Structures are given as structure tokens and as C-alpha cells.
Colleague: 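First the structure, then my questions, so here it is.
Not measured: the values here are computed from a predicted model. Numbering starts at 1 and runs along the sequence shown.
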Amino acid sequence: MENLFRLVDQEQDLFQRKWTLVNGPVIVGAGPSGLATAACLREQGVPFVVLERAECIASLWQKRTYERLKLHLPKQFCQLPKLPFPEEFPEYPTKRQFIEYLESYAKHFDINPKFNECVQSARYDETSGFWRVKTVVSSGSNMSTEFEYICRWLVVATGENAERVVPDIDGLAEFGGQVIHACDYKSGENFKGQNVLVVGCGNSGMEVSLDLCNHNASPSMVVRSSVHVLPREVFGRSTFELAVLMLKWLPLWLVDKLLLLLAWFILGNIEKYGLKRPSMGPLELKNKQGKTPVLDIGALDKIRSGGINVVPGIKRFSRAQVELLNGQILDIDSIVLATGYRSNVPSWLQEGEFFSKNGFPKAPFPHGWKGNAGLYAVGFTRRGLSGASSDAIRIAQDIGKVWKQETKQQKRRTIACHRRCISQF
């Protein structure tokens, strides 16, 4: 409390704008990572505030994903702490089922984010020992209000995919046709009969190309570099589940070799279709560079049959055309940029010790969840929902331990004061 008075003395303008002291951590982001952390804090008995710039939870899933999307991993690897998926859900839940699960998760743990609050800045005030989180609250009729939260703990849960990545490609502005990012792609229905260039060959690029093909469009998929493509299942069992099982007994390099052997046995030689494999194994590449292998759900069959055309990198665009690095020129009607996402942490967090310039914690997994002065990060492990859940549990336990100790001390002081008051009568 003494630190808070010091803060008020230092910043007299606090009385001129709206602010509140949060009795617990502020969590920035109401996606799966933020919800998982909030639920674990609830179990610890720690109060919290969740800030979300959109008007709903899990806005990435609700607003920036295509309709045919399903979880790429079995549901047991994607459930959040303390509450499993419903038993009746399939092994690979659909987008709508996952959103329903997240909404029921928030309701179950009584998580009520403050929506339409976009964090503008967050910095640690060394004088007071508090974090100062400034937001802009959006409301109807284009009205907005500035607000400030003062808290002891700050949990960054904005994730790895906060902002779309749009590459600067020569001539793109001259193209003239429709250009959208994969986050705005919903269905191939609107592209029926068109020649569509899909820029990117990750899981999104592959699945968008497959969806376009299934809606009678003619997709050409740009493959600029090497890519690992694995079957989603091996002999009826999830490839990811199999890898997790093997890693309990075998070294990573050997598991990588076995996965590639199984992939060759099931998928065959994919390099003849323009899909060159990296020299580093799929798990090692994921751990070191964060590049996720593609789990095939049917795109390879379309590539083999010619339904999806694999093309090399782009040299430049022109009116309704693209020139490739091999000199080939294609006539195209539309472009889908499956070029990924990035963290937005550097744009608002005023801190340079814990987070690097790319918006990820500097410390590698599993040490990137905790910084200094009450700063935490959840969902930046490059290990999907299971990694976020692991972070959330650690963060809640760490904050909960301090919270319980201080609450116990406060109760003792209150009891002692009460006894002194009684003794005076």
C-alpha cells in the first residue's frame, strides 16, 4: 500500500483519468492461453482481470480461421487444464466444436474478460513496484476511452499469432485482382472456377489449397523452401501421439529418422512433386526454429493428381499474372497469402530483458514462462495448446504460492489487531 501512495504522489494525473488497482494479475489476451491461465488462477483462489481487444474470446479461432478447419492433433493433446473435452466430441474436433469447448470452459471457471479493451502500453514502474497497463476501451458510435490498470503481476497471453504477416512482393500492388490473407479466407465457394495462387505451403497453405480444389478452383501453391510433410496418422494412430510415445524411450534424432521412414513408406517420395524435405528432422526443426511439420489430410493426393499445382518462389507480380523464379508466367485471378503470423508484444510491452525483438521470450523452452518483476508469458512455447497449458499451470502455481503466503500473513495481522482491541476493554 505504501508503494501505491508513492505512485499516486508521483503521478498526480491519475486523478484526471480512469484507473483501477487490480488485486491480482492482469492477463492480456482471452485466447486459449489466457483462458487456461485464468482457470488455473481461479483454482488457486487468486483474483485476476483478463483484457481482450476483440469482442469475444478466442478471436483468432472465431474470426480468422476457415470453415473446414479441424484440430490437427487428437483432442487429448489440445484440451486445457482442469477440464477435458466432452467424450462425445470426435478425435479431431471441428472449429465450431473447439469454440464451444472454449466458451463452456470460460463459463465453467467464471472467466469474464473485459472485451474491446486494446492494450496500448505496459511498463513496470520501479518506484512503486507495480505494472501500469494502459488501454483504449472501444464502445459504440466510434467512442473510445483511455483506461489504466495498476497491478503487481502481468501475464502476456497474446500468443504467437497475434498479427498477420504480409510479405512485400514486387508488383503485388499492380496485380489488380483479389488479394487476401489466409486469416480472411473462409471457404473456396467464392473462388469456384478461378485460378488461385496460394503463397505458402504450411498447414494453412496446404489446407486452403485442398479446400479450393474441392470447390472446383485451380490452386497453384508456392513452395519457396523445404517443408516436412507427415501423414496425420500412421496405421490408424496419430503421428503426433506416436512421436510423443517414442520420445519417452528414444533420443530425438532417432525418432525423427523413424518418422521420416514411416512418412516415406506411407506417402512415398514427395520431392518429385516439388516438396523438398529439410536436412534437419521434423521434431528437431520444430524445437530449434519453431517450424511445424505439415500433417497431410488429403492435399498430397490432389498434388499427385494435378489438382494442386506446386510452383517455386515468386519473382514479381503484374496485372493478373505472376512471374515465378524459374521464368514461368501464370495467369491468376486471386491470391491467398498463407504467409503466417507474428507476435505483437514489441508494439505494446515496454520491456527488453525477457522478450526479444521478435516478440518471443529470450529463454528457450521450458524456461520462457517467467521473467522479472512479476512478468509472465504463456503460449509462446511453439508447442501448441499443450505447451500453453503447461505454462498456465506453472504461472498460476508461482503466483498462487506468493498470494497464499501474503494472504496468510495478512490474516495473522488482522487477528493480532483484533486481539489487541479486545484486550483494551
Colleague: Who are the salt bridge (Lys or Arg N to Asp or Glu O under 4.0 Å) partners of K192, not counting sequence neighbours?
Modeller: E189
Colleague: Rounded at 0.5 Å granularity, tell me how far CD1 in I303 sits from CD1 in I270.
Modeller: 8.0 Å
Colleague: Is any side-chain heavy atom of L349 closer than 4.5 Å to one of Y124?
Modeller: no
Colleague: Does some side-chain heavy atom of K286 sit less than 4.5 Å from a side-chain heavy atom of R382?
Modeller: yes
Colleague: Using modelled atom types and a 3.5 Å cut-off, is there a donor and acceptor pairing between side-chain atoms of N203 and backbone atoms of L295?
Modeller: yes
Colleague: Considering only NZ, NE, NH1 and NH2 on the basic side and carboxylate oxygens on the acidic side, decide whether K18 and E148 come within less than 4.0 Å.
Modeller: no
Colleague: Quick one: does K186's side chain get under 4.5 Å of Y66's, heavy atoms only?
Modeller: no
Colleague: For the side chain of T158 and the backbone of A162, is there at least one donor-acceptor N/O pair under 3.5 Å apart?
Modeller: no
Colleague: Do R383 and F365 meet the cation-pi criteria used here (NZ or CZ under 6.0 Å from the six-membered ring centre, within 45° of the axis)?
Modeller: yes
Colleague: Between H228 and M280, is there a donor-acceptor pair closer than 3.5 Å when you use the side chain of the first and the backbone of the second?
Modeller: yes
Colleague: Would you say that V50 contacts L35 through its side chain, given a criterion of any heavy-atom pair below 4.5 Å between the two side chains?
Modeller: no
Colleague: State whether E146 and K134 are salt-bridged, where the test is any N-O pair (Lys NZ or Arg NE/NH1/NH2 against Asp/Glu carboxylate O) under 4.0 Å.
Modeller: no
Colleague: If the condition is side chain to side chain donor-acceptor pair (under 3.5 Å), which residues does E55 pass it with, not counting sequence neighbours?
Modeller: K63
Colleague: What is the minimum heavy-atom distance between C40 and P81, and which atoms define it?
Modeller: SG-CB, 3.7 Å
Colleague: What's the spacing between S220 OG and N195 CG if we round to 0.5 Å?
Modeller: 7.0 Å
Colleague: Name the residue from V49, T37, L154, V46 that meets the side chain to side chain contact (heavy atoms under 4.5 Å, CB included) definition with P25.
Modeller: V46
Colleague: Within the structure provided, determine whether P93 and F85 are in side-chain contact (heavy-atom separation under 4.5 Å).
Modeller: yes
Colleague: Verify the neighbour count for atom CD of E87: are there more than 12 heavy atoms of other residues, nucleotides or ligands below 6.0 Å?
Modeller: no
Colleague: Would you please indicate yes or no on a ring centroid separation below 6.0 angstrom for F240 and F77?
Modeller: yes
Colleague: Just wondering, do M221 and V311 contact through their side chains at under 4.5 Å, heavy atoms?
Modeller: no
Colleague: Mark yes or no for whether D125, through its side chain, and S128, through its backbone, hold a donor-acceptor pair below 3.5 Å.
Modeller: yes
Colleague: I'd like to know if the side chain of T339 reaches the main chain of V165, judged simply by a donor and an acceptor atom lying under 3.5 Å from each other, with no hydrogens or angles considered.
Modeller: yes
Colleague: More than 12 non-hydrogen atoms from neighbouring residues, nucleotides or ligands closer than 6.0 Å to CG on N372, yes or no?
Modeller: no
Colleague: What do the steps show when you test Y376 against D391 for side-chain hydrogen bond (donor to acceptor under 3.5 Å, both in side chains), and what is the final call?
Modeller: CA-CA 9 Å; Y376 297 89; D391 283 344; over 6 Å; no
Colleague: Taking the six-membered ring of Y101, is the NZ or CZ of R96 close enough (under 6.0 Å from the centre) and on axis enough (within 45°)?
Modeller: no
Colleague: Can the ring centres of F355 and F380 be said to be less than 6.0 Å apart?
Modeller: yes
Colleague: Applying side-chain hydrogen bond (donor to acceptor under 3.5 Å, both in side chains) to Y92 and E233, what does each step give before you reach the verdict?
Modeller: CA-CA 12 Å; Y92 300 96; E233 294 184 342; 3.2 Å; yes
Colleague: Applying side-chain contact (heavy atoms from CB on, under 4.5 Å), run through I335 and I180 and close with a yes or a no.
Modeller: CA-CA 6 Å; I335 301 170; I180 63 170; over 6 Å; no
Colleague: At what distance, to the nearest 0.5 angstrom, does CG of L275 lie from OG of S226?
Modeller: 10.5 Å
Colleague: I'd like to check the side chain to side chain donor-acceptor pair (under 3.5 Å) partners of T94; sequence neighbours left out, ordered by chain and number.
Modeller: Q97
Colleague: Is there a donor-acceptor pair under 3.5 Å between the side chain of D296 and the backbone N or O of L300?
Modeller: yes
Colleague: Checking R42 side chain against F109 main chain: does a donor-acceptor pair fall under 3.5 Å?
Modeller: yes
Colleague: Suppose we call two aromatic rings close when their centres sit under 6.0 Å apart. Are Y341 and H181 close by that rule?
Modeller: yes
Colleague: Work out which heavy atom in R277 is nearest to a heavy atom in A263; give both atom names and the distance.
Modeller: NH2-CB, 3.7 Å
Colleague: Please determine whether a side-chain nitrogen of the Lys or Arg among E103 and K107 lies less than 4.0 Å from a carboxylate oxygen of the Asp or Glu.
Modeller: no
Colleague: I need the minimum non-hydrogen distance between R68 and N214, along with the two atoms involved.
Modeller: NH1-ND2, 3.7 Å
Colleague: Out of R342, R64, R53, which one pairs with E163 under the salt bridge (charged side-chain N to carboxylate O under 4.0 Å, His left out) rule?
Modeller: R53
Colleague: If only atom types and distance count, is the side chain of T239 paired as donor or acceptor with the main-chain N or O of P231 below 3.5 Å?
Modeller: yes
Colleague: Start with the C-alpha gap between D184 and V336, add the side-chain angles, then the distance that decides, and say whether side-chain contact (heavy atoms from CB on, under 4.5 Å) holds.
Modeller: CA-CA 9 Å; D184 296 317; V336 179; over 6 Å; no
Colleague: Just verifying a value: how many Å separate S59 OG and E52 CD, rounded to the nearest 0.5 Å?
Modeller: 4.5 Å
Colleague: Does some side-chain heavy atom of I150 sit less than 4.5 Å from a side-chain heavy atom of W19?
Modeller: yes
Colleague: Do the side chains of F175 and I332 get nearer than 4.5 Å, heavy atoms only?
Modeller: yes
Colleague: Evaluate whether atom NZ of K95 has more than 12 neighbouring non-hydrogen atoms of other residues, nucleotides or ligands under 6.0 angstrom away.
Modeller: yes
Colleague: Will you find, in the side chains of S334 and Q194, an N or O donor that is under 3.5 Å from an N or O acceptor?
Modeller: yes
Colleague: Test your reading of the model: is there a side-chain donor-acceptor pair from K302 to the backbone of C213, 3.5 Å cut-off?
Modeller: no
Colleague: Nearest 0.5 Å, please: how far is CG in L254 from CG in L259?
Modeller: 9.5 Å
Colleague: Let's go through L283 and W253 carefully: what are the C-alpha distance in whole Å and the side-chain angles of both, what is the deciding distance for side-chain contact (heavy atoms from CB on, under 4.5 Å) to 0.1 Å, and is it a yes or a no?
Modeller: CA-CA 8 Å; L283 297 182; W253 67 268; over 6 Å; no
Colleague: Go through V199 and L197 one step at a time and tell me if the side-chain contact (heavy atoms from CB on, under 4.5 Å) criterion holds.
Modeller: CA-CA 6 Å; V199 183; L197 186 72; 4.1 Å; yes
Colleague: Given the side-chain rings of W61 and F98, with only the six-membered ring counted for Trp, is the space between their centroids under 6.0 Å?
Modeller: yes
Colleague: Evaluate T135 against E117 for side-chain hydrogen bond (donor to acceptor under 3.5 Å, both in side chains), listing each step before the verdict.
Modeller: CA-CA 6 Å; T135 70; E117 289 215 32; 2.9 Å; yes
Colleague: When you check the gap from the basic side-chain N to the acidic O, do E406 and R152 get nearer than 4.0 Å?
Modeller: yes
Colleague: Output yes when a side-chain donor or acceptor of E351 lies under 3.5 Å from a complementary backbone atom of E353, and no otherwise.
Modeller: yes
Colleague: Does the side chain of Y185 come under 3.5 Å of the side chain of D211 through a donor N or O and an acceptor N or O?
Modeller: yes
Colleague: Assess the residue pair K401 and Q44 against the criterion (side-chain hydrogen bond (donor to acceptor under 3.5 Å, both in side chains)); give the C-alpha distance rounded to whole Å, side-chain angles, the decisive distance to 0.1 Å, and a yes or no.
Modeller: CA-CA 9 Å; K401 182 179 179 181; Q44 294 281 336; over 6 Å; no
Colleague: Quick one: pull up CG in N358 and OG in S343 and give me the separation to the nearest 0.5 Å.
Modeller: 7.5 Å
